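First the structure, in the form of structure tokens, and then the observations on it.
Just so it is clear, the model here is predicted, and its values are computed rather than measured. For the single chain, residues carry numbers from 1 onward in sequence order. Atoms within a ligand are numbered from 1 in the order they appear, just like the ligands themselves.
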Amino acid sequence: MGQNNYFRNLSVTIMGVLFVLTAVTVIAAVFFSVEFYRAVFFIIAILLVLFLLFLLAGFIIISRSSGKNEATTYRPGFSGSLLTPVAFRFFMPVLLFASDVFNYRKEEIRRVYIKANNDYVLSLGKKVPPEKLLVILPHCLQWSECGYRMREGLNECRQCNRCSLGKIKELAKKHGVMVTLATGGTSARKAVRDLKPGLVVAVACERDLSSGIMDVRGLPVYGIINERPNGPCRDTLVDAGELEKVLRYFITERN
Ligand code: SF4
């Protein structure tokens, strides 16, 4: 298609939309009374007040979590209320969207979300048998010069300990949990669908963790942010000690 066609299509579309808007405005001006407009604005005002209250409730709920216990203490940071899932489902996506659009402190906002989510997951007090706990790891944890090709699990890892995966493989074997490597959101979702865990511990950057937590509905996901001393997506690290503490917290005690 020539450039002229693109130009023509876009121009015609914009003018078409403007024409429809103009027609609707003219019809509204001619046929509707002042009372009608007053009623419309009244309804809009009520909806805006409800939305504002909703955001306020979400803000209070999330604020109660941030700044309290450090996640590394593995104690519930706040007791969940009926509104808590609503705050996570609606308030935080609005906030994350706004921080994306205005490019305002995206990483910090995502970190608050991840921490609040972790506190909420801890407050649920849920424990699962090890075989129902799935650890999802990002591919960038693998040493970039490692010659072994990891597909989904860590079977190929020779535990040379040049990267965090060697230690994680050992932890997975020791605690009997499932581990999968994800190349992104799609493969992480597929792993959750296929393996049907009761709880997920996910390691990733702030962006992937916050979007992953939002994607997975009805399944507790505890997030651990990876360290990126070599920049994003390359030879990242995770504190295996912290990971083990989290695993111990969520796994049911064996009798
Ligand atoms: S620990 Fe495993 S994945 Fe990491 S470099 Fe060694 S063999 Fe490769």
Atom 2 (Fe) of ligand 1 contact by Cys157, N, O or S atom under 2.8 Å: yes
Would you mind listing which atoms of ligand 1 come within a distance below 4.0 Å of any non-hydrogen atom of [X]?
X	answer
Cys163	1 (S), 3 (S), 4 (Fe), 5 (S)
Met150	3 (S)
Gly166	1 (S)
Arg158	2 (Fe), 7 (S)
Trp143	5 (S)

Any Leu181 side-chain heavy atom under 4.5 Å of Pro138 side chain: no
Side chain to side chain, Val201 and Leu134, heavy atoms closer than 4.5 Å: no
Lys126 side-chain N/O to Val121 backbone N/O, donor-acceptor pair under 3.5 Å: no
Distance-only side-chain donor-acceptor flag, Arg228 / Asn226, under 3.5 Å: yes
Whether over 12 other heavy atoms sit under 6.0 Å from Phe51 CZ: no
Residues, nucleotides or ligands: over 12 heavy atoms within 6.0 Å of Lys127 NZ: yes
Gap separating the CZ atom of Arg248 from the CG atom of Leu243, nearest 0.5 angstrom: 11.5 Å
Shortest protein contact, atom 6 (Fe) of ligand 1 (heavy atom only): Cys160 SG, 2.3 Å
Contact with ligand 1 for Lys169, non-hydrogen, under 4.0 angstrom: no
Ligand 1-proximal atoms of Leu154, by part, heavy-atom distance under 4.0 Å: neither
Cys146 near atom 4 (Fe) of ligand 1: N/O/S under 2.8 Å: no
